[in-house]
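Data first, discussion second: the structure below is written as structure tokens.
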Amino acid sequence: MSYAIDILNVTRAFGSRTALDDITLRVAEHSICGLLGRNGAGKTTIMSILAGQDRPTSGRVEVFGRRPFENDAVLAKVSFIRDNQRYPDRYCLEHVLRIAPVFAANWSEDLAEELVDGFRIPAKTPIKRFSRGQLSSVAILLGLASRAPLTLFDEPYLGLDVTARAFFHDALLRDYSAHPRTFVLSTHLIEESEALFDQVVILDAGRIRVNASIDDSHECAFTARGNSDAVDHIARGYPVLQTHAIGALKSVVIEGAPDDEVLAQAHQLGVSVGTPSLQELVAAYGADTSPVTPRAISKGTRA
Amino acid sequence: MNAVISTTRLHLNRRRETFVVPLSIAGMVAVVSILISLIFWRSGSLPGTPGWVSGSRSNPGIAYALVGFLIYLGVSSVATTFPFALALGATRRAFVGGTFLWNAIAAAYIAALFAILNGLEILTHHWFAGFYIFDIYILGGGDTAKLLLIVFLGVLSCLTLGGVFAAAWERFGVRGPQAIAVALVLALAITAIIVVPDLPAIVAAFQLWWLAVAAAALSLLAALGTWLLLRSAIIR
């Protein structure tokens, strides 16, 4: 198998803050990788480094077998439009449509036209006055129509309405099927995007917590729900990622796979054991180990 | 080389700013200069007299009016275009090379534009009424070769200087341009302290090519500084 992305022991520090902490990651060519995690987990930093917009403090990064930073040949194959992308002053859609093919060798006029129509991107309004959703549409337009061998989508759904999101999914899958290439997509809309992913990477605080195929990702953890004492008994000896308790009932997400003994005990104690959804898994890995204690509401009409 | 040309085309994509705005600014200044000349005319000064010609040719309005816009254009060519160029796949090296090439193209365009307008002005005996807009001392006093050199190097200096300030902002945030400004003021002050005793002799020996060399050196230094600053700038 050949890899579009090969990251080995990469750390990125900004002063005293470590954005990426010794991460190692490979993404196969012609696949879609979901980069998931909380805000500040390090998703955009990874994409910046892959697109040659930043350099790791230590470690090695290769895109299509070569280091991306200041590498013309590699960067010509990468498309990365940030969620907060800055555009030149007084830029309108026509400027974007005129310049993008100059940089993107595989630019598709037909796909660009379809995306402009599908997202209803305004032609005359300056991009600086675009709504959040319209900015996301321009980023998707640039990312998809460029047909770059590696396309990095950073929160492509921000501000998009439900129709636009469905249109994006449809356009992405259709074009990916016709022109296979590698996508890395970061998002918080996990349930909507899950069907797109071949590989899932869950980051938290600059570390990779899960790196698995979409099928295997569900085996990374299990849920246990039931009487508080019984759930604690089941969870004993396992790393608990997240806990919810309401009265005598408790629900936990536990890292690892339950063995037969645990399943038998759970059955005996009336504890329901299941597989967490990808969204539950991401939430669990992002949860604080010492959960924030909710403050009692003492004032207000419904206190 | 392709990425350099692509970056130049990225800048040229702002056709209005590169080609139309300098022309419209020149047009506006021409109208204002003519209005001022008309005021002088009505107040008793006569077109074609030595005083009228000398006064009109000493008016540097056309040069001053463009400086502000050109520095803004230089700043915006880096501040907002750099992140977009990198998003499209340009390297920092290609961006600086392509930007410098665009600076030179814009400078050549404005110099050619001014030369044509200067030629028209002379051909029409100063717009049929003795109005001096381009045939002025600061632009070479009607000498086309001097005008081309002065405008080309002047525009190139403004654009590259604006670019290096924006690059400092990309690299160090607000403190970057402040540091460059302080360094420039200090350099000018120290130079003045050193040369003031010999100033009369320097003024007496002054040659126009000194300014040309200084402008060319300033532009090259600014482009080099832009590259050094952008080389390690992080896109946010």
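Numbered from 1 within each chain, the chains take letters A, B, ... in sequence-line order.
Between A/Phe168 and A/Phe153, the ring centre distance stays below 6.0 Å. In this structure, B/His11 has its ring center closer than 6.0 angstrom to the ring center of B/Phe95. Aromatic pair A/Tyr157/A/His169: centroids less than 6.0 angstrom apart. Within the 6.0 Å centre-distance limit, the rings of A/Tyr91 and B/Phe84 are counted as a close aromatic pair.
Options B/Leu12, B/Ile234, B/Thr81 differ in how many heavy-atom pairs under 4.5 Å they form with chain A, and the most are formed by B/Ile234. Options B/Leu86, B/Thr7, B/Leu10 differ in how many heavy-atom pairs under 4.5 Å they form with chain A, and the most are formed by B/Leu10. For the set A/Glu94, A/Arg55, A/Arg82, A/Gln85, the count of heavy-atom pairs under 4.5 angstrom toward chain B peaks at A/Arg82. For chain B, the option among A/Arg98, A/His95, A/Arg90 with the highest count of heavy-atom pairs below 4.5 Å is A/Arg98.
The contact between B/Arg231 and chain A is made entirely by backbone atoms, counting heavy-atom distances below 4.5 Å. Of the atoms belonging to A/Leu152, not a single heavy atom falls under 4.5 Å from chain B. Looking at A/Phe80, only its backbone comes within 4.5 Å of chain B, counting heavy atoms on both sides. Contact annotation for B/Ala90: both backbone and side-chain heavy atoms come within less than 4.5 Å of a heavy atom of chain A.
No side-chain donor from either of B/Tyr132 and B/Ser33 sits under 3.5 Å from a side-chain acceptor of the other.
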Might you work through the salt bridge (charged side-chain N to carboxylate O under 4.0 Å, His left out) test for A/Arg174 and A/Glu114, ending with a clear yes or no?
CA-CA 12 Å; A/Arg174 266 190 296 118; A/Glu114 183 196 330; 2.6 Å; yes
